[in-house]
Amino acid sequence: MIKKIAQRVRFLKRINFFQFLHLNYFCKSIIRTDQSKLIPYKNSVIDIASGARIYIGGGDIEIGCDLLRKSKAETRLRLRESAIWSIYGGCKISYGSTVEILKDAVFDCKYFTMNSNSTVIVAEKIIFGKDVMIGRNVVVYDSDHHQIIDEQGKIANRPAPVVIGDHVWLATNVLVLKGVTIGEGSVVGANSTVNKRVGSHMIFSSEHRSHIKENGGKWDRMSPSVER
């Protein structure tokens with residue numbers, strides 16, 4: 001009993017308590033389908049515009065977790081007008097990261113983790129499968145965010161959906177661009193730019209094309225220093 005109370009006290013010290021109460025019990029923009037909650041840790045900045053909705057089920061959304069003691073690093077979540085974030089299974093978004101869903105856009109995902117200083121910006125639609133692992137300083141875009149006009153005066157670079165399959169690992173400094181699909185079980189190596197389809201169960205590196213491997217084995221979240 002005392003241990004549970006101590007754990008609860010430590011938890012409350014790490015979160016923005018009044019924001020937690022508002023988001024989970026008074027905010028009409030958040031629809032919880034079960035007992036799952038949106039947990040805003042210290043220095044989380046959450047901005048939900050009129051008509052935007054977050055649908056939560058199957059696990060907690062943790063915003064700004066793993067914040068270093070005494071750090072002031074912000075974690076930012078922003079939904080523009082009529083944006084939708086639908087998530088089942090929860091997620092952990094580490095300190096310093098940004099998730100922004102633009103007007104009328106949809107972010108549809110299952111459980112994922114996002115390490116510090118990474119960014120996801122949804123202009124049209126981005127889909128994450130189950131158990132996506134995002135490393136540090138990763139950027140995922142489904143748009144160029146500024147127009148390029150062709151000789152006929154038409155927009156030449158419209159947004160295109162991004163689909164990241166189940167159990168995909170995006171390593172440090174990966175950039176995923178619009179229109180990309182990454183198949184289940186794949187690993188995208190550090191410093192890679194992904195601007196075309198990556199198949200399932202592949203190890204992909206845009207820096208070392210000789211290191212693109214099909215059926216590249218399995219990966220898990222354990223450290224390679226841990227012996228099996």
Undergrad: For Ser116, what residues pass the side chain to side chain donor-acceptor pair (under 3.5 Å) criterion, not counting sequence neighbours?
TA: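 Side chain to side chain donor-acceptor pair (under 3.5 Å) check on Ser116 returns Arg136.
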Undergrad: Check side chain to side chain donor-acceptor pair (under 3.5 Å) between Arg76 and all other residues, then give those that pass, not counting sequence neighbours.
TA: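 Partners of Arg76 by the side chain to side chain donor-acceptor pair (under 3.5 Å) criterion, ordered by chain and then number, come out as Thr98.
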Undergrad: Identify the residue among Val120, Asp108, Ile87 that makes a side-chain contact (heavy atoms from CB on, under 4.5 Å) with Phe128.
TA: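 Per the side-chain contact (heavy atoms from CB on, under 4.5 Å) rule, the option paired with Phe128 is Val120, out of Val120, Asp108, Ile87.
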Undergrad: Before you tell me yes or no, could you show the steps for Tyr141 and His145 under ring pair (Phe, Tyr, Trp, His ring centres under 6.0 Å), namely the whole-Å CA-CA distance, both residues' side-chain angles and the distance that decides it to 0.1 Å?
TA: CA-CA 9 Å; Tyr141 287 164; His145 300 297; 4.7 Å; yes
Undergrad: Keeping the roles fixed (side chain from Ser118, backbone from Val138), state whether a donor-acceptor pair exists under 3.5 Å.
TA: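 Here the side-chain-to-backbone pair exists.
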Undergrad: Treat each ILVMFWY residue as a node, draw an edge where side-chain heavy atoms are under 4.5 Å apart, and state whether Ile126 and Leu77 are in one component.
TA: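 Yes.
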Undergrad: Supply the atom-to-atom distance Cys109 SG to Ile127 CD1, rounded to the nearest 0.5 angstrom.
TA: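 Cys109 SG to Ile127 CD1: 10.0 Å, rounded to 0.5 Å.
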Undergrad: For Met133, does its backbone N or O pair with a side-chain atom of Thr113 as donor and acceptor, under 3.5 Å?
TA: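 A pair under 3.5 Å: no.
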Undergrad: Check whether any side-chain heavy atom of Ile182 sits under 4.5 Å from a side-chain heavy atom of Val176, and report yes or no.
TA: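 Yes. Closest side-chain heavy atoms under 4.5 Å.
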Undergrad: Side chains of Leu38 and Ile46: does their closest heavy-atom pair fall under 4.5 Å?
TA: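 Counting from C-beta outward, Leu38 and Ile46 do come under 4.5 Å.
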Undergrad: Give, for atom CG of Leu23 and atom CG of Asn16, the distance between the pair rounded to the nearest 0.5 Å.
TA: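 Nearest 0.5 Å value for the CG-CG distance: 8.5 Å.
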Undergrad: Is the shortest side-chain N to carboxylate O distance from Asp144 to Lys178 below 4.0 Å?
TA: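 Result for this pair is yes, salt bridge flagged.
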Undergrad: Any side-chain heavy atom of Met114 sitting closer than 4.5 Å to one from Lys92?
TA: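 Answer no - side chains too far apart.
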Undergrad: When rounded to the nearest 0.5 angstrom, what distance separates NZ in Lys42 from SG in Cys65?
TA: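 The SG atom of Cys65 is 15.5 Å from NZ of Lys42, to the nearest 0.5 Å.
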Undergrad: Taking atom CZ of Arg158 and atom OG of Ser143, what is their separation to the nearest 0.5 Å?
TA: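 So the gap between those two atoms works out to 10.5 Å.
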Undergrad: Between the main-chain N or O of Gly59 and the side-chain N or O of Ser36, is there a donor-acceptor pair closer than 3.5 Å?
TA: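 Between the backbone of Gly59 and the side chain of Ser36 there is a qualifying donor-acceptor contact (under 3.5 Å).
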Undergrad: Does the plane of the ring in Phe112 sit parallel, tilted or perpendicular to the ring in Trp85? Use 30° and 60° as the thresholds.
TA: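 Geometry flag for Trp85 against Phe112: tilted rings.
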Undergrad: Determine whether a donor-acceptor pair (N or O, by modelled atom type, separation under 3.5 Å) exists between the side chain of Lys70 and the backbone of Leu68.
TA: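 No: the side chain of Lys70 does not pair with the backbone of Leu68.
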Undergrad: If you look at every heavy atom in Asn115 and Ser94, which pair is closest and at what distance?
TA: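 Looks like C-CB, 3.7 Å.
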Undergrad: Could you tell me whether the side chain of Asp34 and the main chain of Gly57 form a donor-acceptor pair under 3.5 Å?
TA: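 Absent.
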Undergrad: Looking only at heavy atoms, what is the nearest atom pair of Phe204 and Val194, with distance?
TA: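 Scanning both residues completely, I find the closest heavy atoms to be CE2-CG2, 4.0 Å.
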Undergrad: Identify whether Ile93 and Ile30 are in the same connected component of the hydrophobic contact network (ILVMFWY, side-chain heavy atoms under 4.5 Å).
TA: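 Both belong to a single hydrophobic cluster.
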Undergrad: Please name all residues satisfying ring-ring contact (aromatic ring centres under 6.0 Å, His included) with Tyr111, sequence neighbours left out, ordered by chain then number.
TA: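 With sequence neighbours excluded, Tyr111 shows a ring-ring contact (aromatic ring centres under 6.0 Å, His included) to no residue whatsoever.
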Undergrad: Say you draw a straight line from CG of Asn117 to OG1 of Thr172; how long is it, rounded to the nearest 0.5 Å?
TA: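 Reported value, rounded in 0.5 Å steps: 11.0 Å.
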Undergrad: Is it the case that the side chain of Asn43 and the backbone of Ser71 share a donor-acceptor pair, with hydrogens and angles ignored and the cut-off at 3.5 Å?
TA: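 At least one qualifying donor-acceptor pair exists.
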Undergrad: Show me the donor-acceptor pairs, under 3.5 Å and distance only, between side chains in residues 160-170 and residues at least two apart or in other chains.
TA:
{"unit_1": "Asp166", "atom_1": "OD1", "unit_2": "Lys130", "atom_2": "N", "d": "2.8"}
{"unit_1": "His167", "atom_1": "ND1", "unit_2": "Asp131", "atom_2": "OD2", "d": "2.7"}
{"unit_1": "His167", "atom_1": "NE2", "unit_2": "Trp219", "atom_2": "O", "d": "2.8"}

Undergrad: Apply side-chain contact (heavy atoms from CB on, under 4.5 Å) to residues Val180 and Asp142 and explain how you reach the verdict.
TA: CA-CA 8 Å; Val180 162; Asp142 67 343; over 6 Å; no
Undergrad: Which pairs pass side-chain hydrogen bond (donor to acceptor under 3.5 Å, both in side chains) with one or both residues in residues 44-64, sequence neighbours excluded?
TA: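 Counting only pairs at least two positions apart or across chains, the side-chain hydrogen bond (donor to acceptor under 3.5 Å, both in side chains) contacts touching residues 44-64 are Tyr41-Glu62.
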Undergrad: Taking Ser186 for its side chain and Met202 for its backbone only, find out whether a donor-acceptor pair lies under 3.5 Å.
TA: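 Indeed, once roles are kept as given, a pair shorter than 3.5 Å links the two residues.
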Undergrad: Kindly work out whether a path of hydrophobic side-chain contacts (I/L/V/M/F/W/Y, heavy atoms less than 4.5 Å apart) joins Tyr25 to Ile15.
TA: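 Shared cluster, yes.
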Undergrad: Let me check something: do Leu177 and Ile148 share a hydrophobic cluster, defined by ILVMFWY side-chain heavy atoms less than 4.5 Å apart, either directly or through other members?
TA: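 Shared cluster, no.
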Undergrad: Starting at CG of Asp150, measure out to CD1 of Ile155 and round the result to the nearest 0.5 Å.
TA: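 Taking CG in Asp150 and CD1 in Ile155, the distance rounds to 9.5 Å.
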Undergrad: Got a donor-acceptor contact below 3.5 angstrom from the Thr33 side chain to the Ile56 backbone?
TA: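 Yes; judged by distance alone, with no hydrogens or angles, the pair exists.
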Undergrad: Assigning hydrophobic clusters by single linkage (Ile, Leu, Val, Met, Phe, Trp, Tyr; side-chain heavy-atom cutoff under 4.5 Å), is Ile121 placed with Leu175?
TA: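 Yes, it is one cluster - the side chains of Ile121 and Leu175 are joined through contacts under 4.5 Å.
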Undergrad: Donor-acceptor pairs under 3.5 Å, side chain of residues 99-107 to any protein atom, not counting sequence neighbours: which ones?
TA:
{"unit_1": "Glu100", "atom_1": "OE2", "unit_2": "Arg80", "atom_2": "NE", "d": "3.0"}
{"unit_1": "Glu100", "atom_1": "OE2", "unit_2": "Arg80", "atom_2": "NH2", "d": "3.0"}

